[in-house]
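By convention in this document, chain letters (A, B, ...) are assigned in the order of the sequence lines, proteins followed by strands, and residues within each chain are numbered from 1. Below, all heavy atoms of this structure are taken into account, side chains as well, without hydrogens, waters or symmetry copies.
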2 protein chains.
Amino acid sequence: MEDAPNHPPPDLGHLPMLLGHALRRAQAAVLHEAQAGMAELDIRPAQHAVMQVLHRNPGLRQSQVSQALGIQRTNFVPLFDALERRGLVERRDVAGDRRAKGLFLTDAGTALLARLDRIQAEYEARLTARIGPDGKQTLLGLLARLSDPAFGPG
Amino acid sequence: MEDAPNHPPPDLGHLPMLLGHALRRAQAAVLHEAQAGMAELDIRPAQHAVMQVLHRNPGLRQSQVSQALGIQRTNFVPLFDALERRGLVERRDVAGDRRAKGLFLTDAGTALLARLDRIQAEYEARLTARIGPDGKQTLLGLLARLSDPAFGPG
DNA sequence: CATAATGCGTATGTAGCATAACTATTCGGC
DNA sequence: GCCGAATAGTTATGCTACATACGCATTATG
């Protein structure tokens, strides 16, 4: 027959009721959609986020950007290197502290960011369509409380 | 001073309003908590899930288990190998199909699973406490709709 | 000025996820 | 019965994410 072999779906027990499991699956699905959209531009979501932060905060130090995004300083380096090799961003020396590097978007980076933002808006809209605007707000609130216990019932 | 340097928090723009971003952070936080609980037993969440499925569905094939959990067949092998080396599970030949292997928990595996389930219940309760039982149900519903578009508004 | 702390970078290891290719076995059509 | 397609499992490999330890230059502190 079509594609329904003798696979009676296994009994997953209460696994679908576990937050970790549901989160993992949802995150995988969403990530997949995000990557599909940006794959043609060869930019990963984390890199896009970096570019967005730099657009609003030119000159930030690496440690500030990576901390703001929850990326480890050490893993930030190759991620940013790849962007710099493509001429989308650059490190400039900081006046007054010769250790630090200020991070900036180039013109090419700013241009690409505009395209990325448009793509992002599209799939964000697709996702929102699945749960409705209210659902999205509710979801964001719940996720924030899970991420950061300090959020309380806010 | 303590640990409040001259870091004025960067402007993240609408990044916190993005589902992908919020999901990634929440998933990282929850995964961290899960791993912390099971680290002492040297079992990872995916392995625990496999054991749970086998407990309810003894004799399942590898492809069925991995498909049910959203793991690729190919990555399932080393994951299961590790469990088998520890004597927690086993592969048995299947009558009627010499290609297939039926998967089973051993007694040791069943015993360990009980401990894992208890640990899991604990941190699941901790997580639920952060958002309330209603919040959890709402969250699970929204995540399911994100994961699987077919879920519709059902 | 010696020492600690900071900002950045390198090296390394592990886990997760994905693809291609292989063996053994079973199935389908003839 | 035989041959090609499909299936179950496995191996090999690469890439990304994430974590830790360490080193180097520079700056801050006492």
Between D:dA8 (P) and B:Phe80 (CZ): distance, integer Å: 16 Å
Might you work through the salt bridge (charged side-chain N to carboxylate O under 4.0 Å, His left out) test for A:Arg130 and A:Glu33, ending with a clear yes or no? CA-CA 13 Å; A:Arg130 296 191 198 158; A:Glu33 189 140 4; 2.8 Å; yes
Against the side chain of B:Arg73, the closest entry in D:dT10, C:dA15, C:dG9 is D:dT10
From the list C:dG7, D:dT10, C:dT25, which nucleotide is the closest neighbour of the side chain of B:Gln62? D:dT10
Would you say A:Arg98 reaches C:dT6's phosphate, i.e. side-chain N/O to OP1/OP2 under 4.0 Å? no
Nearest whole Å is fine: how far is C:dA15 P from B:Ile71 CD1? 15 Å
Between B:Arg61 (CZ) and D:dA6 (P), how many Å, whole number? 20 Å
Is the side chain of B:Glu124 donor-acceptor paired with the backbone N or O of A:Leu19 at a distance under 3.5 Å, no angle test? yes
Using whole Å, report how far CG of A:Asp93 lies from P of D:dT26. 11 Å
Whole-Å distance separating the CD atom of A:Gln67 from the C1' atom of C:dT6: 13 Å
Can you tell which of C:dC8, D:dA19, C:dT25 lies closest to the side chain of A:Gln72? D:dA19
Closest nucleotide of DNA chain D for B:Arg24 versus for B:Leu60: which of these residues is on the 5' side? B:Leu60
To the nearest 0.5 Å, what is the distance between NE2 (B:His55) and CG (B:Leu113)? 6.0 Å
Proximal nucleotide (of C:dT19, C:dA15, C:dT26) relative to the B:Arg44 side chain: C:dA15
Whole Å only: how far is the CG atom of A:Leu79 from the C1' atom of C:dG9? 15 Å
Closest to the B:Arg99 side chain: D:dC18, D:dA8, C:dG9? D:dA8
For atom CD of A:Gln35 and atom P of D:dT16, their distance in whole Å: 10 Å
Is there a chain of hydrophobic side chains (I, L, V, M, F, W, Y, each step under 4.5 Å between heavy atoms) that links B:Met38 to B:Val89? yes
Using OP1 and OP2 only, check whether a side-chain N or O of B:Thr74 sits under 4.0 Å from D:dA12. no
DNA chain C: 5'-proximal contact among A:Ala28 and A:Asp81 (nearest heavy atom): A:Asp81
State whether the distance check finds a donor on one side and an acceptor on the other, under 3.5 Å, for side chain B:Asn75 versus base C:dA18. yes
Select one nucleotide: of D:dA19, C:dA18, C:dC17, the one nearest the side-chain heavy atoms of A:His32. C:dA18
Mind calculating the distance between CG (B:Leu31) and P (D:dA17) to the nearest angstrom? 15 Å
Report yes or no: is the cationic atom of B:Arg92 (NZ for Lys, CZ for Arg) under 6.0 Å from the centre of the six-membered ring of B:Phe104, at an angle within 45° of the ring normal? yes
